[in-house]
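In this text the structure is predicted, and so the values were computed from the model without any measurement.
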Amino acid sequence: MAYELKQADIYSFASFLAAETKQKGNELFFKYCPYCGGGHSKDKDTFSINLETGAFKCFRSSCGKQGHFVQAARDFGFKLDFDKSSIVYKPMPQKQIQTTSPAVEYLKSRGITENICRKYKITTAENKPSILVIPFYDTNGTLIMAKYRNTKFIKGQSSGGKEWCTKETKPILFGMQYAQNYEKPLVITEGQMDALALAECGVDNPVSVPTGAKGFTWVEHCYDYVDKFTEIIIFGDCENGEITLLKEMTSHFAHKIIKCVRQADYLMEKDANDILQKYGKDAVKQAVEKAEQVQTCRLKELADVKSVDIYSMERLFTGFPTLDKVLGGLYYGQVIVLTGKNGNGKSTVMSQIIASAISQRVKIMVYSGELPDYHFKRWLDLQIAGDDYAVAKTTSTGGTAYSLSTKDVEQISNYYKGTIWIYDNTAVSDTGNECDELVKTIELSIKKFGVRFVCLDNLMTALDVPLGEDLYRAQSSFLKRLKQVAQKYDVVILLVAHPRKSSHQQLEKDDIAGSGDITNRVDVVLTYTRDETKDELGYLAVKKNRLTGFLTKSDSPIELIYSPKSKRIIENGAKPPRYSWLKPYNDRVTPDENGDLPF
């Protein structure tokens with residue numbers, strides 16, 4: 001999907017980096033170059049991005065970094081629209097597909113008979129017999145996507161690629177239309193030829209991933225389908241002493257019985273199709289039948305642990321420049337607790353960080369135990385829109401309330417569609433244990449939708465446990481489970497917690513109500529306190545920072561300003577964030593009802 005430069009993306013990139021900027025003509029200057037940081041002398045205003053062309057450059061001779069904005073975005077992990085998975089997919093025209101003789105002959109050369117070729121409707125491109133066409137149907141028999149294979153491809157000699165898919169179509173598993181015997185295992189392969197080889201051998205439920213071993217964009221669209229199977233057998237490619245797909249499938253479907261074909265049963269071959277061609281059907285069937293359940297070993301050789309520079313680790317930026325400078329951002333794998341007195345605005349701080357995460361294209365799950373979903377949405381929409389779009393209305397009691405126009409709400413909803421999910425508090429628990437249901441839902445959101453940022457507001461409503469000693473045990477157990485989830489799936493979890501009753505203005509980490517295990521188990525403790533004399537002024541402080549140890553000074557918390565119009569909280573002296581919800585939506589993909597398949 002081609003990228004069209006938008007100025008709003010450049011501003012969002014600057015916000016993502018928590019950079020101080022100023023505009024001169026068509027150039028957006030950064031206070032410090034994000035690549036060199038201004039060098040030893042901290043040179044200022046040497047880095048700029050052209051708002052019309054996207055060209056960037058650092059003018060320091062010892063740095064001299066230059067290129068296009070897309071490159072800079074990727075260098076720093078800022079995902080642009082065409083990197084997002086939440087696109088509108090094109091439907092494929094539904095038409096009868098006729099298998100062609102060249103397709104039959106090619107599959108015969110791979111040990112696959114004409115019956116299987118015709119069953120799966122394998123064909124070739126019109127007037128291009130060397131281009132094999134592999135259609136992907138869902139469980140209802142609807143054509144969703146197609147994959148193409150150049151059967152004459154010679155590496156280093158042929159132009160173009162060996163394989164490609166129809167553009168902007170939804171990625172799904174190949175073979176789903178015939179793999180619906182849910183009482184038997186689902187057998188998943190890396191390549192379509194391998195799935196067809198398994199079908200040739202009479203193996204039940206063979207499917208393959210659409211775009212190779214590392215392409216897992218299909219999970220969101222096929223998660224419910226795969227979840228119907230009790231058991232999954234991995235028959236990936238055997239490469240460099242490892243089986244492809246195994247690690248990723250174990251991560252996404254850890255709650256399933258997962259088996260893997262033994263390396264010995266590959267018989268020194270790479271994949272199922274190679275085994276079929278060299279050793280026949282029985283060898284393939286035996287490989288599937290002898291697949292062994294994946295065992296989890298909790299020991300690893302320390303010498304094999306990869307050395308990591310913590311300052312180059314992936315992280316999420318809060319949008320508060322000083323906080324991001326102190327913490328370095330919110331590192332994935334961390335649990336962060338945010339506490340503050342009732343009514344002081346800690347939930348508003350949380351939703352402001354959520355707005356920043358949305359601008360970074362990070363997928364989010366929210367649990368809001370105290371606010372109805374529509375109230376949370378209204379609050380977040382106002383924060384994303386900002387003061388300029390908040391419309392004042394007089395209430396029935398003579399007060400003033402702020403809201404957004406219907407058009408603005410619609411555009412903001414489109415802006416974060418496919419990015420954020422909220423826990424349904426009205427749903428009846430299957431187990432009667434709300435805490436268990438919440439943890440299960442968190443894991444589901446991570447595995448199914450790719451969520452990387454989980455926000456829980458707040459600890460007491462999430463636990464739903466009566467006061468007493470049982471509460472402390474429940475808190476300790478819950479925090480332990482959250483920490484395990486954060487580390488297992490490499491996500492950030494932000495937890496809002498109430499403090500104990502305290503007479504002093506500035507809170508400390510030990511002021512969090514409940515068990516001492518809360519602060520022991522979490523990685524970061526943040527406190528937010530509203531100024532007692534100025535309602536619009538608040539103070540954010542870092543009281544614990546396990547990774548780097550940097551804290552805010554006790555006498556110098558971070559000053560934040562609250563806007564009653566937009567509900568925004570921004571750092572005092574910082575520029576208001578620019579979110580790209582106002583971009584035009586006419587560049588979105590629209591269905592091509594009259595489109596023709598190339599076969």
Side-chain angles (χ1 to χ4, degrees), residues 92-93 95-137 141 143-167 169 171-179 187-203 205-213 215 235-239 244-245 266-267 269-285 287-288 596-599:
M92 293 283 285
K95 61 193 308 182
Q96 203 64 29
I97 297 174
Q98 300 297 326
T99 296
T100 59
S101 295
V104 171
E105 291 305 313
Y106 177 76
L107 260 63
K108 280 184 179 179
S109 73
R110 303 294 297 263
I112 300 164
T113 61
E114 182 175 345
N115 286 338
I116 294 297
C117 183
R118 292 191 180 281
K119 178 179 179 179
Y120 285 85
K121 303 185 188 308
I122 311 301
T123 189
T124 50
E126 188 175 354
N127 299 322
K128 293 182 180 179
S130 63
I131 304 299
L132 193 72
V133 182
I134 305 169
F136 285 58
Y137 293 89
L143 181 63
I144 302 298
M145 64 170 285
K147 192 168 181 179
Y148 308 90
R149 183 186 186 101
N150 183 354
T151 60
K152 303 293 186 182
F153 181 84
I154 300 175
K155 189 174 182 180
Q157 297 182 29
S158 302
S159 60
K162 180 181 179 180
E163 293 184 333
W164 62 95
C165 299
T166 44
K167 291 182 179 180
T169 52
I172 64 169
L173 294 170
F174 169 74
M176 291 170 63
Q177 75 273 36
Y178 296 120
V187 187
I188 187 164
T189 69
E190 180 177 334
Q192 288 73 58
M193 292 301 116
D194 300 316
L196 291 168
L198 293 178
E200 179 67 35
C201 297
V203 174
N205 302 324
V207 297
S208 71
V209 298
T211 54
F235 204 150
D237 288 1
C238 186
E239 297 178 334
T244 61
L245 304 178
Y266 280 82
L267 305 175
E269 299 300 319
K270 178 185 176 183
D271 53 38
N273 189 231
D274 288 348
I275 298 171
L276 171 65
Q277 292 181 75
K278 191 166 184 178
Y279 296 101
K281 295 181 181 180
D282 287 343
V284 175
K285 289 192 285 187
V288 174
D596 290 325
L597 291 174
F599 50 85

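A pairwise comparison of heavy atoms in V207 and M176 identifies CG1-N, 4.2 Å as the closest pair. The two residues L276 and A197 have their closest heavy-atom pair at CD2-CB, 3.8 Å. Across all their heavy atoms, L143 and M145 have their closest contact at CD1-O, 3.6 Å. Between P206 and A195, the shortest heavy-atom distance links the atoms CB-O, 3.6 Å. The shortest non-hydrogen separation linking C165 to P210 is SG-O, 4.3 Å. Nearest heavy atoms, I144 versus T169: O-CB, 3.5 Å.
Geometric assessment of K147 against the ring of F174 yields a negative cation-pi assignment under the 6.0 Å and 45° thresholds.
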Please determine whether side chain to side chain contact (heavy atoms under 4.5 Å, CB included) holds for the pair Y137 and I97, giving the CA-CA distance in whole Å, both sets of side-chain angles, and the decisive distance to 0.1 Å. CA-CA 12 Å; Y137 293 89; I97 297 174; 3.2 Å; yes
Applying side chain to side chain contact (heavy atoms under 4.5 Å, CB included), run through N150 and I131 and close with a yes or a no. CA-CA 5 Å; N150 183 354; I131 304 299; 4.1 Å; yes
Pair F235, I275 - check side chain to side chain contact (heavy atoms under 4.5 Å, CB included), show working. CA-CA 12 Å; F235 204 150; I275 298 171; 4.0 Å; yes
Step-by-step side chain to side chain contact (heavy atoms under 4.5 Å, CB included) determination, Y120 to Q177: CA-CA 9 Å; Y120 285 85; Q177 75 273 36; 4.2 Å; yes
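From C117, atom SG reaches atom CD of E200 across 10.5 Å, with rounding to the nearest 0.5 Å. Distance CG/D271 to CG/L198: 10.0 Å, rounded to 0.5 Å. Taking CG of L107 as the start and CD1 of I116 as the end, the distance is 9.5 Å to the nearest 0.5 Å.
Within the 4.5 Å cutoff, the side chain of L267 has no heavy atoms near those of the K278 side chain. Using a 4.5 Å cut-off on side-chain heavy atoms (C-beta onward), E105 and T151 make no contact. Residues P171 and T211 are not in side-chain contact: their nearest non-hydrogen atoms beyond the backbone lie 4.5 Å or more apart. V104 has its side chain within reach of K108: a pair of non-hydrogen atoms, C-beta onward, lies under 4.5 Å apart. Contact check for Y106 versus I112: no side-chain heavy atoms found under the 4.5 Å cut-off.
In this structure, Q192 contributes its side chain and S208 its backbone to no donor-acceptor pair below 3.5 Å. No donor-acceptor pair under 3.5 Å is formed between the side chain of T124 and the backbone N or O of A103. Of the possible donor and acceptor atoms, one in the side chain of Y178 sits under 3.5 Å from a partner among the backbone N and O of K119. Between the T99 side chain and the I122 main chain, a donor and an acceptor come within less than 3.5 Å of each other.
Among K270, Q277, E269, the one residue that satisfies the side chain to side chain donor-acceptor pair (under 3.5 Å) test with N273 is Q277.
Of the N and O atoms on the side chains of T123 and Q98, not one donor lies less than 3.5 Å from an acceptor on the other residue.
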